[in-house]
There are 4 protein chains.
Amino acid sequence: MFVELDLQSDVPIYTQLVDQIVEGIANGGLKPGDPLPSVRSLAADLDINLHTVNKAYQQLKQEGFLQIHRKQGVIVQPGEMPGVTAEFETRMTRQLKALAAESAVRGLNAEQFSAYAERIYRQVSTTDNGRNQP
Amino acid sequence: MFVELDLQSDVPIYTQLVDQIVEGIANGGLKPGDPLPSVRSLAADLDINLHTVNKAYQQLKQEGFLQIHRKQGVIVQPGEMPGVTAEFETRMTRQLKALAAESAVRGLNAEQFSAYAERIYRQVSTTDNGRNQP
Amino acid sequence: MFVELDLQSDVPIYTQLVDQIVEGIANGGLKPGDPLPSVRSLAADLDINLHTVNKAYQQLKQEGFLQIHRKQGVIVQPGEMPGVTAEFETRMTRQLKALAAESAVRGLNAEQFSAYAERIYRQVSTTDNGRNQP
Amino acid sequence: MFVELDLQSDVPIYTQLVDQIVEGIANGGLKPGDPLPSVRSLAADLDINLHTVNKAYQQLKQEGFLQIHRKQGVIVQPGEMPGVTAEFETRMTRQLKALAAESAVRGLNAEQFSAYAERIYRQVSTTDNGRNQP
DNA sequence: GTGGTCTAGACCACG
DNA sequence: GTGGTCTAGACCACT
């Protein structure tokens with residue numbers, strides 16, 4: 001598994017898991033329809049609690065990135081991924097606002113900030129999922 | 001006071017307070033050397049506990065954005081603000097990574113993402129603090 | 001628990017706690033990776049408030065001497081301890097300066113002062129942490 | 001006046017004042033019998049509160065470093081300075097213990113620690129008051 | 001059961 | 001009147 005957890009981070013483990021699965025989808029490591037490990041096996045692999053993995057999966061299902069079937073197990077949402085929802089936009093705006101403000105105070109200008117954001121994006125999403133072309 | 005809190009949010013109150021004060025500095029509403037309300041008066045204003053305000057102030061002091069004096073109370077760091085530290089870069093990278101990945105999955109491309117970031121920056125930092133020019 | 005507090009002292013309880021935990025690390029009573037009591041149990045043991053214990057733990061975490069995990073609780077920083085930082089040097093210099101000056105006025109000469117310092121050091125750091133050898 | 005205060009330090013102003021006067025005595029800038037500014041004039045000079053200066057003077061008088069006369073004003077203790085009292089030894093031991101422990105944890109060995117202490121001593125007490133000879 | 005957060009109310013040191 | 005410290009008690013997120 002490609003997941004790396006930092007158990008001593010202040011970021012909850014299930015959140016780290018969510019983030020890394022989303023990253024996996026973004027960089028093409030996980031493609032629509034791909035299977036994910038079962039809750040039990042992933043928990044065993046990562047040596048964390050079942051509930052923690054389950055919570056991450058449930059959140060990803062709730063947001064439409066995963067499907068959870070009783071028999072087949074867990075798979076990456078086949079077909080269309082959810083687009084930019086109002087909820088996501090609110091969340092992203094709130095977080096970017098805080099980052100942008102702190103960046104500004106620390107001396108980064110608008111260009112530097114957006115260039116930084118773009119660089120991170122390109123690191124995270126090296127491969128293309130086929131619909132993010134200009 | 002210009003602070004608006006969302007007591008229902010899952011973002012801790014003291015974090016919201018920290019963010020909004022940083023925003024205040026970024027947009028010029030708070031200038032270096034400006035006084036901030038005492039913990040007691042701000043707590044009363046916002047109808048929250050003084051310890052919550054204190055926690056926010058302490059964090060901002062710790063990061064070098066505020067100074068806390070015995071008698072004069074709390075003021076915005078006069079002179080130079082702290083620059084881009086390693087901790088800040090780590091934190092910003094981690095958060096941007098998650099946002100960028102989710103944005104990519106939801107269909108935003110690199111240009112859209114960085115343009116969004118830049119737009120937020122310009123909203124937050126309308127006035128200029130004098131050193132963020134190209 | 002090896003902690004002894006003087007509730008009458010003008011030294012804050014959380015500071016005494018911080019000092020004694022650092023001492024514990026210095027004399028080998030606490031080794032890297034060792035667990036510390038939970039805030040609640042230590043507070044109960046010492047008959048003080050859990051917030052006071054928490055404040056001490058947070059400060060030690062902040063300085064890099066402890067790690068605070070979600071579930072496992074609190075452990076002594078495994079691996080490398082933080083070295084001599086600029087802040088520490090500033091703090092130590094300030095305190096030693098005051099002590100040295102008063103010692104001089106009270107009739108101790110340089111050799112006596114440094115011998116006293118060395119004696120205290122050897123009392124405090126009886127065992128060896130493996131890297132303080134000449 | 002040779003006093004320099006850091007108003008944004010967490011060290012109380014009166015303590016800084018006490019320390020600097022003791023330093024003045026240690027380095028010979030202030031000799032036994034020398035007059036000190038009146039409470040009023042020193043407070044005016046340093047732009048601090050009368051009470052603050054008074055508190056520092058009272059503490060120094062209490063410890064036997066100053067004499068305060070109604071008419072003549074304040075003078076450095078003429079004749080013999082107080083020696084090493086039990087109270088001072090307790091205080092010095094407590095502070096050195098904490099410093100030594102933290103130094104040990106941060107990787108300084110006994111020699112480095114005592115050498116550091118000696119170096120500070122010699123900075124502070126360049127001139128000799130005539131009785132600190134070996 | 002752990003730490004994280006918040007509240008309420010109190011006393012003290014500082015200036 | 002200010003922040004610093006401490007207590008008591010509560011709810012919540014995480015595991």
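Below, chains carry the letters A, B, ... as their sequence lines are ordered, and counting in each starts from 1.
Computed from coordinates, the D:Q59 CD to E:dA13 P distance equals 13 Å when rounded to whole Å. As rounded to whole Å, 18 Å separates atom P of E:dT5 from atom CD of B:Q8. In this structure, D:L17 atom CG and E:dA13 atom C1' are separated by 17 Å, rounded to whole Å. Here the P atom of nucleotide E:dA13 and the CG atom of C:D10 are 9 Å apart, to the nearest Å. Atom CD of C:Q58 is separated from atom C1' of F:dT5 by 16 Å (rounded to the nearest Å). The distance between atom OH of B:Y57 and atom C1' of F:dT5, rounded to the nearest whole Å, is 19 Å. Rounding to whole angstrom units, CG of residue B:N54 and C1' of E:dC6 are separated by 13 Å. Rounded to whole angstrom, the span from the CG atom of C:L36 across to the P atom of E:dG3 amounts to 10 Å.
Partners of C:Q67 by side chain to side chain contact (heavy atoms under 4.5 Å, CB included), not counting sequence neighbours, listed by chain and number: A:Q8, C:H69, C:I75, C:Q77, C:P78. Under the rule for a side chain to side chain donor-acceptor pair (under 3.5 Å), B:D34 has no partner lying at least two apart in sequence or in another chain. Under the side chain to side chain donor-acceptor pair (under 3.5 Å) criterion, D:S41 pairs with D:S38, sequence neighbours left out. Judged as a side chain to side chain contact (heavy atoms under 4.5 Å, CB included), and not counting sequence neighbours, the contacts of B:L5 are B:V3, B:L7, B:I13, B:Q16, B:L46, B:I48. Listed by chain and residue number, nothing satisfies the side chain to side chain donor-acceptor pair (under 3.5 Å) test with C:T15 (two or more places apart in sequence, or in another chain). With sequence neighbours left out, the side chain to side chain donor-acceptor pair (under 3.5 Å) criterion links C:S9 to no other residue.
In DNA chain E, stems built from 3 or more consecutive Watson-Crick or G-U wobble pairs, each with both distances under 3.5 Å, span E:1-14 with F:1-14.
Counting heavy atoms from C-beta on, the side chains of D:Y57 and D:I68 come closer than 4.5 Å. Residues B:I25 and B:V76 meet the side-chain proximity criterion, which asks for heavy atoms closer than 4.5 Å.
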Legend entry - Nucleotide-resolved protein contact map, nucleotides 7-15 of chain F, B/S/- at heavy-atom distance under 4.0 Å: BBB-B--SB
Which donor-acceptor pairs under 3.5 Å do side chains of residues 90-102 of chain B form with protein atoms, sequence neighbours excluded?
| from | atom 1 | to | atom 2 | distance (Å) |
| --- | --- | --- | --- | --- |
| B:T90 | OG1 | B:A86 | O | 2.9 |
| B:R91 | NH1 | A:E102 | OE1 | 3.0 |
| B:R91 | NH2 | A:E102 | OE2 | 2.9 |
| B:T93 | OG1 | A:Y116 | OH | 2.6 |
| B:T93 | OG1 | B:E89 | O | 2.7 |
| B:E102 | OE1 | A:R91 | NH1 | 3.1 |
| B:E102 | OE2 | A:R91 | NH2 | 2.9 |
| B:E102 | OE2 | B:R106 | NE | 3.0 |
| B:E102 | OE2 | B:R106 | NH2 | 3.0 |

